[in-house]
Amino acid sequence: MAERMQDKVTLPAVALQNAPKAEQRFGTKGIKPMIRPSATTHFFMQIVAWAERLNLKCAKLGNPPVYDNAAFPWVENIERLYPAIRAELERVLLRQSELPAFHDISTDVKTISADNQWKTFFLLGFGLKSKENIKACPETWRAVQNIPGLTTAMFSILEPGKHLPPHRGPYNGVLRLHLGLIVPAEMENVAIRVEDRVCYWQEGKILIFDDAYEHEAWNYAESTRVVLFIDFVKPLRFPARLVNWFLLHLALFTPFIKEGLDNHRKWEKKFYGESQALRA
């Protein structure tokens, strides 16, 4: 991995320059797609494939793998709230061993991660709130309300030695935001590649990218990396904006989301039930 990490930088996300034009691919070699054996799911995924092509044509800000933060005027407001978000994260991490692995919530994640080295703490997933987690992190929740079109908000915890292999997100109608919260000092060992660009997290700084491009992330440092992980609606022109709104709401009724919601409710009940038992 060292070959990719040659250019150390001081910006939150610095891309390799003069690269050829990036192109979104509708799948990643070696990674199984999220397909369920049902006619409803098959029909939904056909609509998604058509909508993705429309989104590429109607993107207001183009389709770069990594975005310039200046395109989003609310970024600085979020970065200013980093100390409060970090403080709430540190309280959550007091019970780090009890937090769920990502695949415990979304079983489809097993295609890229099946161990306990990628953990999560959801506040919001596809528009569905975790009331107990929000109650535990009120300042973080207040901060993310500044993000237009917010669909997902969580802490993403990458343990030492963890590598998420190349993959792409399920749909290009949203963009991904990472706010660096805890980043190991060995920056050259902790990074994310989006298409042909290698980016480095920094504490208190935001990186915005399109996870529909192939990407991978790694933490080869000796300590944990944590980011605030956000998905928000991609700025689109009509008619893609309307189609995107419809699909993001329709997704709530798919097996992917319904199963994830059920898994999270079970974890939440156990996590907070044990917490109340300790206080009794």
Side-chain angles (χ1 to χ4, degrees), residues 22-59 63-67 100-114 118 120 122-128 147 149-154 156 158 164-178 192-195 207-217 227 229-236 240-264:
E23 180 181 352
Q24 287 188 3
R25 296 175 291 278
F26 300 95
T28 299
K29 186 177 180 180
I31 299 293
K32 292 171 62 178
M34 293 193 304
I35 295 177
R36 301 297 180 90
S38 78
T40 302
T41 302
H42 180 70
F43 175 69
F44 179 75
M45 295 309 291
Q46 284 185 317
I47 296 175
V48 166
W50 169 77
E52 286 206 309
R53 291 188 288 271
L54 183 63
N55 291 344
L56 290 173
K57 294 177 182 177
C58 296
N63 298 288
V66 178
Y67 283 78
F102 205 147
H103 71 270
D104 290 335
I105 304 300
S106 177
T107 57
D108 297 286
V109 171
K110 286 182 179 178
T111 59
I112 60 169
S113 180
W118 187 18
T120 64
F122 273 93
L123 303 181
L124 180 74
F126 278 91
L128 301 170
I147 302 173
L150 178 71
T151 63
T152 295
M154 68 178 189
S156 173
L158 214 57
L164 299 176
H167 61 284
R168 65 149 287 175
Y171 178 54
N172 70 2
V174 295
L175 297 179
R176 176 73 41 83
L177 178 154
H178 284 177
I192 180 169
R193 176 185 66 82
V194 185
E195 192 64 12
L207 161 68
I208 297 176
F209 63 98
D210 187 339
D211 86 321
Y213 286 102
E214 183 181 275
H215 58 286
E216 62 181 314
V227 299
F229 174 119
I230 298 289
D231 281 345
F232 63 96
V233 176
K234 184 175 185 176
L236 298 167
R241 183 175 66 252
L242 182 60
V243 173
N244 196 37
W245 180 91
F246 173 75
L247 278 181
L248 290 173
H249 285 77
L250 184 63
L252 298 176
F253 302 98
T254 63
F256 310 115
I257 307 305
K258 291 169 72 175
E259 181 185 84
L261 180 60
D262 288 343
N263 290 339
H264 192 273

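All of these numbers come straight from a predicted model, not from anything done at the bench.
- Closest non-hydrogen pair, L164 versus E216, comes out as O-CB, 3.1 Å.
- Smallest separation of non-hydrogen atoms from P65 and V194: O-CG1, 3.7 Å.
- Considering only residues two or more places apart in sequence or on other chains, V233 meets the side-chain contact (heavy atoms from CB on, under 4.5 Å) condition with T151, N244, L248.
- Contact check for T111 versus H167: no side-chain heavy atoms found under the 4.5 Å cut-off.
- Side-chain atoms of D210 and E195, non-hydrogen and from C-beta on, never get closer than 4.5 Å to each other.
- For W245, the ring-ring contact (aromatic ring centres under 6.0 Å, His included) partners are H249, not counting sequence neighbours.
- Side chain of R53 to main chain of N55: no donor-acceptor pair is present (N/O by atom type, distance under 3.5 Å, no hydrogens or angles).
- No side-chain heavy atom of N263 sits under 4.5 Å from any side-chain heavy atom of S106.
- A153 and I230 get closest at one heavy-atom pair: CB-CD1, 3.5 Å.
- Shown here are the ring-ring contact (aromatic ring centres under 6.0 Å, His included) partners of F229, two or more places apart in sequence or in another chain: H178.
- Side-chain contact check for N172 versus N63: every heavy-atom pair is 4.5 Å or farther apart.
- Taking each heavy atom of L236 and R241 in turn, the nearest pair found is O-NH1, 3.4 Å.
- Contact annotation: the side chain of V174 never approaches that of T152 to less than 4.5 Å [non-hydrogen atoms, C-beta and beyond].
- Closest non-hydrogen pair, R176 versus D211, comes out as NH2-OD2, 2.9 Å.
- Side-chain contact between Y213 and V66: absent, with no pair of heavy atoms (C-beta onward) separated by less than 4.5 Å.
- Nearest approach of R168 to H215, heavy atoms of both residues: CA-CE1, 4.0 Å.
- Distance check, rounded to the nearest 0.5 Å: CG of L242 to SG of C58 gives 11.5 Å.
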